[in-house]
Amino acid sequence: MLQYWLMKSEPDAFSIDDLKKQGASPWDGVRNYQARNFMKTMKVGDLVFFYHSSCQPAGIAGIAKVTRSAYPDFTCWDTKSAYYDPKSTKETPRWYMVDIDLVEKFSRIIPLSTLKQDPELANMLLVKKGSRLSVMPVQASEWQHILSSTRFYLTH
DNA sequence: GCCAACGTTGGC
DNA sequence: GCCAACGTTGGC
């Protein structure tokens, strides 16, 4: 069963254009258990809203797909990496990542403010107060609503 | 296992 | 750069 997700990245660190340039890329650096657990349940083919955070405007930049299911995040073994974690060993890895590839870059960002204004998305995790998860599930109904309600906006 | 202190996220 | 809302750590 196909599942939908939303993944946040600061475009200064890794943007949707970077994904387009690089092709299938590891989503490394997640150091939050809840986000990790969500990634562990991802399957190849699952679809992902690529979200730009900590920028102007913050919002959904496009769509990606999962091209490799969860495997150990190698950046936690790299002592030079900002994501280095001595508690994660090769025998018992603590952190995992998936690979994703670009499906579609939107012609414009769908701003967070737009999503927040939409009453149909009131229950979406992303717009919930205090939601800081960098990887979160998206309901199929929310996914389809966002796409159908923004198609016009995106193509004009 | 509680919880205070500290660290991080991310919109604004 | 502020700060609310979380998550994590570690002493007890």
Side-chain angles (χ1 to χ4, degrees), chain A residues 3-22 25-42 46-66 69-139 141-143 145-147 149-150 153-154:
Chain A
Q3 293 188 95
Y4 300 97
W5 306 95
L6 182 142
M7 296 168 93
K8 297 179 183 173
S9 181
E10 298 188 15
D12 286 348
F14 188 72
S15 71
I16 196 162
D17 288 325
D18 293 328
L19 181 63
K20 189 175 185 178
K21 268 181 246 157
Q22 291 182 26
S25 306
W27 196 266
D28 60 283
V30 170
R31 294 294 180 268
N32 171 282
Y33 290 102
Q34 231 185 319
R36 179 204 66 181
N37 293 343
F38 282 134
M39 282 201 296
K40 279 186 163 184
T41 72
M42 290 183 182
D46 280 3
L47 292 172
V48 179
F49 278 139
F50 194 113
Y51 182 92
H52 281 180
S53 66
S54 295
C55 60
Q56 199 52 243
I60 299 171
I63 298 172
K65 62 170 184 253
V66 176
S69 57
Y71 61 105
D73 182 336
F74 46 72
T75 62
C76 57
W77 301 322
D78 178 2
T79 52
K80 295 194 182 69
S81 169
Y83 301 124
Y84 174 63
D85 182 355
K87 290 174 184 166
S88 182
T89 64
K90 297 204 178 187
E91 291 71 32
T92 54
R94 175 174 295 197
W95 304 113
Y96 286 78
M97 58 190 178
V98 297
D99 288 355
I100 65 165
D101 201 356
L102 185 69
V103 171
E104 174 185 359
K105 180 192 171 184
F106 293 157
S107 56
R108 303 180 215 177
I109 299 274
I110 304 172
L112 177 62
S113 57
T114 301
L115 301 171
K116 279 185 170 172
Q117 283 164 19
D118 192 330
E120 296 221 29
L121 300 176
N123 289 320
M124 197 182 175
L125 276 177
L126 179 71
V127 307
K128 289 266 172 80
K129 188 176 165 189
S131 164
R132 305 185 316 178
L133 266 182
S134 62
V135 176
M136 64 179 80
V138 173
Q139 299 302 314
S141 57
E142 296 164 348
W143 179 277
H145 176 75
I146 289 169
L147 284 188
S149 66
T150 56
Y153 165 78
L154 289 171

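Proteins get letters first, then strands, A, B, ... in listed order; numbering begins at 1 in each. No hydrogens, no waters, no symmetry mates; every other heavy atom, side chains included, goes into these values.
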Practice item. Measure from the side-chain N and O atoms of A/K8 to the backbone N and O of A/L133, and report whether any donor-acceptor pair falls under 3.5 Å. Key: yes

**Study point:** Donor-acceptor side-chain pairing of A/R31 and A/T75 below 3.5 angstrom
**Key:** yes

Could you tell me the separation between the [atom1] atom of [X] and the [atom2] atom of [N], rounded to a whole number of Å?
X      : N      : atom1 : atom2 : result
A/W95  : C/dT8  : CH2   : C1'   : 10 Å
A/D12  : B/dG10 : CG    : P     : 14 Å
A/I60  : B/dG11 : CD1   : P     : 12 Å
A/L112 : B/dC12 : CG    : C1'   : 11 Å
A/Q56  : B/dG11 : CD    : P     : 10 Å
A/R94  : C/dT8  : CZ    : P     : 10 Å
A/L133 : C/dT8  : CG    : C1'   : 15 Å
A/Y33  : C/dT8  : OH    : C1'   : 9 Å

**Study point:** Enclosure of A/K40 NZ (heavy-atom neighbours >12, cutoff 6.0 Å)
**Key:** yes

Review point. So, for A/W95 and A/Y33, is the gap between ring centers shorter than 6.0 Å?
Key: yes

Practice item. Report which part of the nucleic acid A/K116 touches: base, sugar-phosphate, or nothing (heavy-atom distance under 4.0 Å, all strands). Key: sugar-phosphate

Check your understanding: If you look at every strand shown and take non-hydrogen atoms under 4.0 Å, does A/E10 touch a base, only sugar-phosphate, or nothing?
Key -> nothing

Practice item. Using both pair distances under 3.5 Å as the test, note the stems of at least 3 consecutive Watson-Crick or G-U pairs that include DNA chain B. Key: B:1-12 with C:1-12

[X] side-chain N/O to [N] phosphate OP1/OP2 under 4.0 Å:
X      : N      : answer
A/Y51  : B/dT9  : no
A/K8   : B/dG10 : yes
A/K129 : C/dA5  : yes

Review point. Going by the angle between their ring planes, with limits at 30° and 60°, are A/F50 and A/H52 parallel, tilted or perpendicular?
Key: perpendicular

Review point. Does any N or O donor sit under 3.5 Å from an N or O acceptor when you compare the side chain of A/R31 with the base of B/dT8?
Key: no

Point to revise | Any residue meeting side-chain hydrogen bond (donor to acceptor under 3.5 Å, both in side chains) with A/E104, in chain and number order, not counting sequence neighbours | key: A/R151

Practice item. Applying ring pair (Phe, Tyr, Trp, His ring centres under 6.0 Å) between A/F49 and each of A/Y4, A/W143, A/W5, report the one that passes. Key: A/W143

